[in-house]
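Quick caveat: nothing in here was measured; it's all calculated off a predicted structure.
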Amino acid sequence: MTDENLYKLNNGITDDIIKHYESILNSLPNAIFICNLDMQIVFANTACGRIFNCNSEQIIGNQCSILNTKNCNTEECCIKRMNRGSAITYIDEANGYYLQVNISKLFDAKGNHIGYTSTSVDVTDLKKAEMELKISSQRFRVALPYTNCGIWEYDPMEKTLTRETASKFEFNIPDVTHNVPENFVKSGLVHKDSVNDVINLFKMLDDGVRIIEREIMLLTNTGEIQWYLLTFSNILNEKGVPYKAIGVSRNITPIKEIEQRYLQEHSYLDTLTADAISIFEVNLTKNI
């Protein structure tokens, strides 16, 4: 394309500006195009051709709607959005790609508005991962009410303990408990013999211990003891500092009751055995 034709197309965007940055822009993985005030494309980098499935050179001089994204030729067009004051960064779709689009005005050396610059970042993998996460989260929420577990999230910075409302937990406590573990202990929910275990659990989470399990006793409103197994998994940031901890609580009272009955029966049998040995020893003594 000649300089003369380029000047006609760019409506004030100089060839020097484009040529100066052209090699740099073509080396970037992000799709970048420049259009004039009439929304005609005056420059498109190599990535633009790849992502929008077109020839970067051949689209020069065409309306930017030739890129045929989901929002092209609609009121959600990136330039229309910006001109009416909407967010200038948003997600668009084109040819199977998810794009984070950022649009900005282009000015000349005198401060005159002469065009627009659009930068599209390929966020397809991130968007797919986000969708998979939403699906997994929905599966989890659907299944959760049918389990016998409570799900918790501990924030070591805010010192809050949040209960997943769809999860099962027999006790009436707030969905979010602040100033943990102090307020959790003061709630009267924790049996006095388990207070130190609870305090130690949260201290270990604050210290960055990866996996923690504790069996604790909780009290119902009537003072009945319920045994719970708490399992927390720590999530650390890139510096190894605790960021969040996800916990699972499970009522193990029936198991503990079986254990206690076994211990009682075992103790009873030990007593009977000891008494029988004592009687046998006494009888032997009498026979002598």
Exercise for the section: Group every Ile, Leu, Val, Met, Phe, Trp and Tyr by side-chain heavy-atom contacts under 4.5 Å, then state whether Ile252 and Leu230 land in the same group. Expected result: no
Exercise for the section: Show your reasoning for whether side-chain hydrogen bond (donor to acceptor under 3.5 Å, both in side chains) applies to Thr46 and Asn26. Expected result: CA-CA 5 Å; Thr46 303; Asn26 280 328; 3.2 Å; yes
Exercise for the section: With the side chain counted from C-beta on, respond yes when Ile41 and Phe43 share a heavy-atom pair under 4.5 Å apart, and no when they do not. Expected result: no
Handout entry: Stepwise salt bridge (Lys or Arg N to Asp or Glu O under 4.0 Å) test for Asp155 and Lys159
Key = CA-CA 5 Å; Asp155 187 326; Lys159 300 297 181 184; over 6 Å; no
Exercise for the section: May I ask you to check whether Gln226 and Asn251 show a side-chain donor-acceptor distance below 3.5 Å? Expected result: yes
Problem - Aromatic ring pairing Trp152/Phe184, orientation class (parallel under 30°, perpendicular over 60°, tilted between) - result: perpendicular
Practice task
Would you mind reporting whether Leu205 and Ile212 have side-chain heavy atoms less than 4.5 Å apart?
Solution key: yes
Exercise for the section: Determine whether Leu106 and His113 make a side-chain contact, defined as any pair of heavy atoms from C-beta on separated by less than 4.5 Å. Expected result: no
Practice task
Before accepting this row, confirm whether a basic side-chain N of the pair Arg250/Glu213 lies closer than 4.0 Å to the acidic partner's carboxylate O.
Solution key: no
Problem - Modelled atom types, side-chain donor and acceptor of Asn30 and Thr119, under 3.5 Å - result: no
Problem - Min side-chain heavy-atom separation Asn36-Ile114 under 4.5 Å - result: no
Exercise for the section: Indicate yes or no for a side-chain donor-acceptor contact from Asn200 to the backbone of Asn196 under 3.5 Å, with no hydrogens or angles considered. Expected result: no
Exercise for the section: Ignoring hydrogens and angles, state whether a donor on the side chain of Asp206 or Tyr154 is under 3.5 Å from an acceptor on the partner side chain. Expected result: yes
Handout entry: Asp125 atom CG: more than 12 heavy-atom contacts under 6.0 Å
Key = no
Handout entry: Test log, rule side chain to side chain contact (heavy atoms under 4.5 Å, CB included), inputs Cys35 and Ile79
Key = CA-CA 10 Å; Cys35 62; Ile79 293 177; 3.6 Å; yes
Practice task
Flag the pair Met39 / Cys77 as yes when at least one side-chain heavy-atom distance between them is below 4.5 Å, and no otherwise.
Solution key: yes
Practice task
Please determine, by modelled atom types, if Thr162 and Glu153 share a side-chain donor-acceptor pair under 3.5 angstrom.
Solution key: no
Handout entry: Check: Asn71/Thr69 side-chain N/O donor and acceptor closer than 3.5 Å
Key = no
Handout entry: Under the salt bridge (charged side-chain N to carboxylate O under 4.0 Å, His left out) test, residues paired with Lys256 that sit two or more places apart
Key = Glu215, Glu259
Handout entry: Leu161 with Met217, same ILVMFWY side-chain cluster at under 4.5 Å
Key = no
Handout entry: Residue list, salt bridge (charged side-chain N to carboxylate O under 4.0 Å, His left out) with Glu130, at least two apart or on another chain
Key = Lys127, Lys134
Handout entry: Joint cluster assignment, Leu229 & Ile173, ILVMFWY side-chain distance < 4.5 Å
Key = no
